[in-house]
Amino acid sequence: MIKENLNKIRATLPEGVTLVAVSKTKPVSDLQEAYDAGQRVFGENHALEMRDKHEALPQDIQWHFIGHLQTNKIKYIIPFVTLIHSIDSANLLEAVNKEAKKHDRVVDCLLQFHIAQEETKFGLDLEEARQLLDSEAFKQMENVRICGVMGMATFTDDEAEIHKEFKHLKAIFDTLKHDYFPNQPQFKEISMGMSDDYPIAVEEGATMVRVGSKIFGARFYNGR
Ligand SMILES: *Cc1c(COP(=O)(O)O)cnc(C)c1O
């Protein structure tokens, strides 16, 4: 089923949109099945789980971290992580930079924005992002590279609301691109859209979609 699901989703994605297969809570055998079907980009939201899967699976997988990252867990993923989608504070970015320096790496990161109505979802607003990008501390960070933005829409059936929230994230991306990254081609990613709303996200300009249950089936524990 995993292979069929992947092929179905891939067929609907325009060229240039990266499919991140969100494999959190799923066993290594499921990831291997997706790998055998050609999938190379996987998303996880727990540092130790991601480290263990990284050790168990082929080394050409690109590992994307998509969950809330605690600073004391950064060290487990820095040696191999490809992209951290979920930078939601200046402190976290600084801590990632520090750890990346130890490993002599430059780690690609996205700034996560709070675009949903729910209070619980992590993320910056535009003002906080400006403060971060204007800060002296940021200018000193040589071991992180900001490659774009990430956000999660409200969990709702109201498609107009979802369109509005993804449009908002696209507008934030355009503003930051114009004001801070006009000559930096690496600032190009808009990570938005999950199993239930990725077609809307693609319509609104997503360059990366993060799809879990539509590939691997429902997760036993909600939210994880
Ligand atoms: C779990 C998760 C996803 C994927 O969710 P599905 O609804 O299963 O596709 C995407 N993004 C983040 C940040 C997640 O935590």
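In listed order, ligands and their atoms are each counted from 1. Hydrogens, waters and symmetry mates are skipped; everything else that's a heavy atom, side chains included, is used. Computed from a predicted structure; not experimentally measured.
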| Should we say atom CG of D104 is surrounded by more than 12 heavy atoms from elsewhere, each under 6.0 Å from it? | no

| query | Would you say the side-chain atoms of T207 and E189 include a donor-acceptor pair closer than 3.5 Å? | reply | yes

| query | Going by atom types alone, do H64 and T82 pair a side-chain donor with an acceptor below 3.5 Å? | reply | no

| Residue portion contacting ligand 1 (non-hydrogen atoms closer than 4.0 Å) for H85 | neither

| Got L92 and T71 here, is their nearest side-chain heavy-atom distance under 4.5 Å? | yes

| Does ligand 1 have an atom under 4.0 Å from some heavy atom of R219? | yes

| For K214, is the nearest heavy atom under 4.0 Å from an atom of ligand 1? | no

| task | Verify whether the ring centers belonging to F173 and F187 lie closer than 6.0 Å. | result | yes

| query | Which is closest to atom 12 (C) of ligand 1 by heavy-atom distance: V22, D196, I66? | reply | I66

Ligand-side contact atoms (ligand 1) for residue partner [X], heavy atom cut-off under 4.0 Å:
X: V211; result: 9 (O)
X: S195; result: 6 (P), 7 (O), 8 (O), 9 (O)
X: G212; result: 4 (C), 6 (P), 8 (O), 9 (O)

Do any N/O atoms on [X] end up under 3.5 angstrom from N/O atoms on ligand 1?
X: S213; result: yes
X: M194; result: no
X: R210; result: yes

| query | Centre of Y35's six-membered ring, under 6.0 Å away, within 45 degrees of the axis: is that where NZ or CZ of R40 sits? | reply | yes

| query | Taking the six-membered ring for Trp, are H54 and W63 parallel (under 30°), tilted (30 to 60°) or perpendicular (over 60°)? | reply | perpendicular

